[in-house]
**Q** 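I'd like to ask you about the structure that follows.
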Amino acid sequence: METESEPYVRLASLRQLHQGMADMNTARSLADTLQTVADGVVDALGYELACVNLVRPDGDLVVAALSGNAAAEALITGRVGSRESWERRLSMGEAWGDLIFIPHTEGWVLDDDDVPQWYTDGPAPRFEDEWHPSDRLFAPMYAPGPQGGGDGELVGVLSVDRPRNGRLPGAWGREALQMYAFQAAIAISNARLRSNMQRALVRLEREQQALRASEESFRQAFEYAPSGMAVAEMGGDQHGRILRTNDALCRLLGRPASAMRRYSFSDLVHPEDIGTLLRTSAEGGRAELRLARRDGTYVWVSLRNSVVADAADGPRFLLTHVEDIEERKRRELQLAHRASHDSLTGLPNSAELRARLSARLCQQRPSMLPAAVDEAMAAFESFDSQDAAYGPPAFDRGHDFDFPPEAEGFEGYDHHVHAIAPDADHDDGAKGLAVLFCDLDGFKSINDRFGHNAGDAVLIEVARRLGDGVRDGDTVARLGGDEFVILANGLGRADAQDLAVRLRNEIIQPIRAEGRAVRVGASFGIGWAHCGLTADEVLKSADERMYIEKRSRPKQHRRAG
């Protein structure tokens, strides 16, 4: 209305508009901002009803706030209209700058679409500029664009209804609504940004709390673990250096934590296990090895490494779990010893004897080997350098030099040393692997007269004397019953015979058994290990020689008392 008081009214409206903009820019949350925007349209711009339709992430628009009518607020707040229907609204009607006005003469086509709507009642207009109840006025809200204007992405749409003066807004009213929509878009964008930042801060704080809780859980699990734990560097000059240990590991190795930090695991591992440690450190995983205690002894441990990776820099640390398996290893060694040793005497048993003997034998007979190899080498050395253009006889015409088949397994080619018996006819200084088969004489009568306990005592003492009478590296085994076998490498025939005599003289000395002195004799058969024979064939040969020796001696000489 054009009156003399219009400038004053406009100034008051401008003050209300300014206050409304200030309120929506100081709201504490996105929801408060949206409601303040709707309230400002009613309070500052003089409309009876205002609705904020906010663009959702999926593009549709939801009624996010409504002001001016409690019934309308309860009915349509939270309802959604499709983006397609809203695009149709914003593309029809009259353009008042950035505003869209759809008069009642055209708006009837929108009555049945899916956009939430509120209808106000009122009489038909009597004047040309009077507001009709079915008129619609929309103010699109665009986020600030790159140039600072409102030409960015659509944030939402303000829909207003029925100015309080009942007339269509004039130029000043349209400009005010357009300006308000622009500022509302900025306020909503800022509120969304603050909301996103607040959510990010809350999420970050929760993640930090979870991280602190995880670190504390790890610290407690690390420190109070019943088995050893350590953190070591990975990579670089200090690879493997221990950074941190728990009490269990310090107790296991008898070293304080301050001393442990001066070492790496490679400093503590047994020299024979260093290769196992290096493979485990490089690849992670599990290994069983020995670590040095402070007193110089070693303890068997199960060591399990996990690589702690850093997303930016790659692997950085090794988390090592160390479990004491000394008792298990001791039981395993005991079981292995029991499986391979005689339970009464502690000597290697029959199976272990055959395994050790078989390890020294191959299936290739060495009898013709020296001559065959000498012949082959002589053919090569006879090659004259002046025939070099044609190549040596054994290498020309594209075929390789072949050593004779009997050279297979010869020392110098696959590192196997053939077992060869010394010459039986004359002493040429040759030495071989002697197999002495020992059978006790008179042992059965001791069992019969004094009982098995006495017999066991005799066997134990004989085993001790045999062990004391041989060299380190020789094998004394109990084949079974009162039969023993000695493997002695590097002996000539005379050496083997002297050894049998010395052992027999030791055995015939009196033995205390069950409170009395008893004596047994011993018969020895000397066999020789030949490559090409099996372990059983070698033992059978020595056994046969033992029986020949036993029968050749007078009965009274087999056992002295």
Side-chain angles (χ1 to χ4, degrees), residues 347-348 353-354 356-362 364-371 374 409-412 416-442 461-479 482-509 519-560:
L347 296 178
L353 170 68
R354 286 174 167 79
R356 295 186 185 185
L357 184 55
S358 297
R360 295 296 309 274
L361 302 175
C362 72
Q364 179 64 47
R365 289 186 176 273
S367 56
M368 298 300 293
L369 181 61
D374 288 346
F410 180 66
E411 181 182 8
H416 172 70
V417 179
H418 272 284
I420 306 173
D423 196 305
D425 298 328
H426 62 279
D427 187 0
D428 57 359
K431 299 181 183 299
L433 176 59
V435 181
L436 282 68
F437 199 107
C438 172
D439 181 79
L440 300 183
D441 299 327
E461 178 60 20
V462 169
R464 186 192 67 79
R465 294 179 182 183
L466 289 174
D468 291 344
V470 299
R471 306 163 302 175
D472 291 340
D474 291 345
T475 295
V476 178
R478 183 186 178 196
L479 194 61
D482 60 347
E483 296 178 334
F484 298 85
V485 173
I486 297 94
L487 303 182
N489 193 32
L491 298 185
R493 289 190 174 272
D495 299 329
Q497 292 169 357
D498 290 343
L499 176 60
V501 171
R502 285 191 290 106
L503 295 177
R504 181 184 296 114
N505 290 336
E506 288 293 327
I507 291 173
I508 65 176
Q509 301 302 317
R519 292 191 179 190
V520 291
S523 298
F524 282 86
I526 302 174
W528 297 93
H530 290 261
C531 279
L533 298 179
T534 66
D536 285 335
E537 289 171 337
V538 173
L539 292 173
K540 181 179 180 182
S541 173
D543 184 25
E544 291 173 350
R545 293 176 184 274
M546 183 273 299
Y547 275 106
I548 292 173
E549 195 268 349
K550 184 186 290 285
R551 288 193 296 269
S552 68
R553 293 167 51 220
K555 185 175 182 180
Q556 63 271 24
H557 293 160
R558 296 178 191 168
R559 179 172 60 88

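The figures that follow rest on heavy atoms only: side chains count, while hydrogens, waters and symmetry mates do not. Along the sequence shown, residues are numbered consecutively beginning with 1.
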**Q** With a 4.5 Å limit on heavy-atom distance, are the side chains of Leu499 and Phe524 in contact?
**A** no
**Q** What pairs with Arg465 under side chain to side chain donor-acceptor pair (under 3.5 Å), at least two apart in sequence or on another chain?
**A**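 Listed in chain order: Glu461.
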**Q** Do Glu506 and Asp468 have side-chain heavy atoms sitting under 4.5 Å apart?
**A** no
**Q** May I have the step-by-step check of side chain to side chain contact (heavy atoms under 4.5 Å, CB included) for Leu440 and Phe484, ending in yes or no?
**A** CA-CA 9 Å; Leu440 300 183; Phe484 298 85; 4.1 Å; yes
**Q** With the side chain counted from C-beta on, respond yes when Leu539 and Glu483 share a heavy-atom pair under 4.5 Å apart, and no when they do not.
**A** no
**Q** Determine, stepwise, if the pair Leu361 / Glu537 fulfils side chain to side chain contact (heavy atoms under 4.5 Å, CB included).
**A** CA-CA 11 Å; Leu361 302 175; Glu537 289 171 337; over 6 Å; no
**Q** Kindly compute the distance separating CG (Leu436) from CD (Gln497), expressed to the nearest 0.5 Å.
**A** 10.0 Å
**Q** Locate the shortest heavy-atom distance separating Ala535 from Ser358; write the atom from each residue and the value.
**A**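 Scanning both residues, the minimum pair turns out to be CB-OG, 3.4 Å.
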**Q** Would you kindly say whether Ser523 and Asp439 are connected by a side-chain donor-acceptor distance under 3.5 Å?
**A** no
**Q** My understanding is that only one of Asp543, Val485, Val435, Leu433 makes a side chain to side chain contact (heavy atoms under 4.5 Å, CB included) with Val538; could you say which?
**A**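 With Val538 as partner, Asp543, Val485, Val435, Leu433 yield a single side chain to side chain contact (heavy atoms under 4.5 Å, CB included), made by Val435.
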**Q** Which value, rounded to the nearest 0.5 Å, describes the distance between Thr475 atom OG1 and Arg360 atom CZ?
**A** 10.0 Å
**Q** Rounded to the nearest 0.5 Å, what's the gap from CD1 on Ile486 to CG on Leu491? Could you check?
**A** 11.0 Å
**Q** Hey, could you give me the CG/CG distance between Asp498 and Leu503, rounded to the nearest 0.5 Å?
**A** 11.0 Å
**Q** Between Cys438 and Ile507, is there a side-chain heavy-atom distance shorter than 4.5 Å?
**A** yes
**Q** List the residues meeting side chain to side chain donor-acceptor pair (under 3.5 Å) with Arg504, not counting sequence neighbours, and say none if there are none.
**A** Glu549
**Q** Do the side chains of Arg493 and Ile526 get nearer than 4.5 Å, heavy atoms only?
**A**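 No. Closest side-chain heavy atoms not under 4.5 Å.
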**Q** Do the side chains of Asp536 and Lys540 get close enough for a salt bridge, i.e. N-O under 4.0 angstrom?
**A** no
**Q** Please step through side chain to side chain contact (heavy atoms under 4.5 Å, CB included) for the pair Leu487 and Leu353, ending with a clear verdict.
**A** CA-CA 9 Å; Leu487 303 182; Leu353 170 68; 3.7 Å; yes
**Q** To check you understand the geometry: which heavy-atom pair defines the closest contact between Ala542 and Gly527, and what is its length?
**A** CB-N, 3.9 Å
**Q** What heavy-atom pair brings Trp528 and Gly492 nearest, and what distance separates the two atoms?
**A**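 That closest heavy-atom pairing would be CH2-O, 3.6 Å.
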**Q** Does Arg354 reach the side chain of Leu479, with side-chain heavy atoms less than 4.5 Å apart?
**A** yes
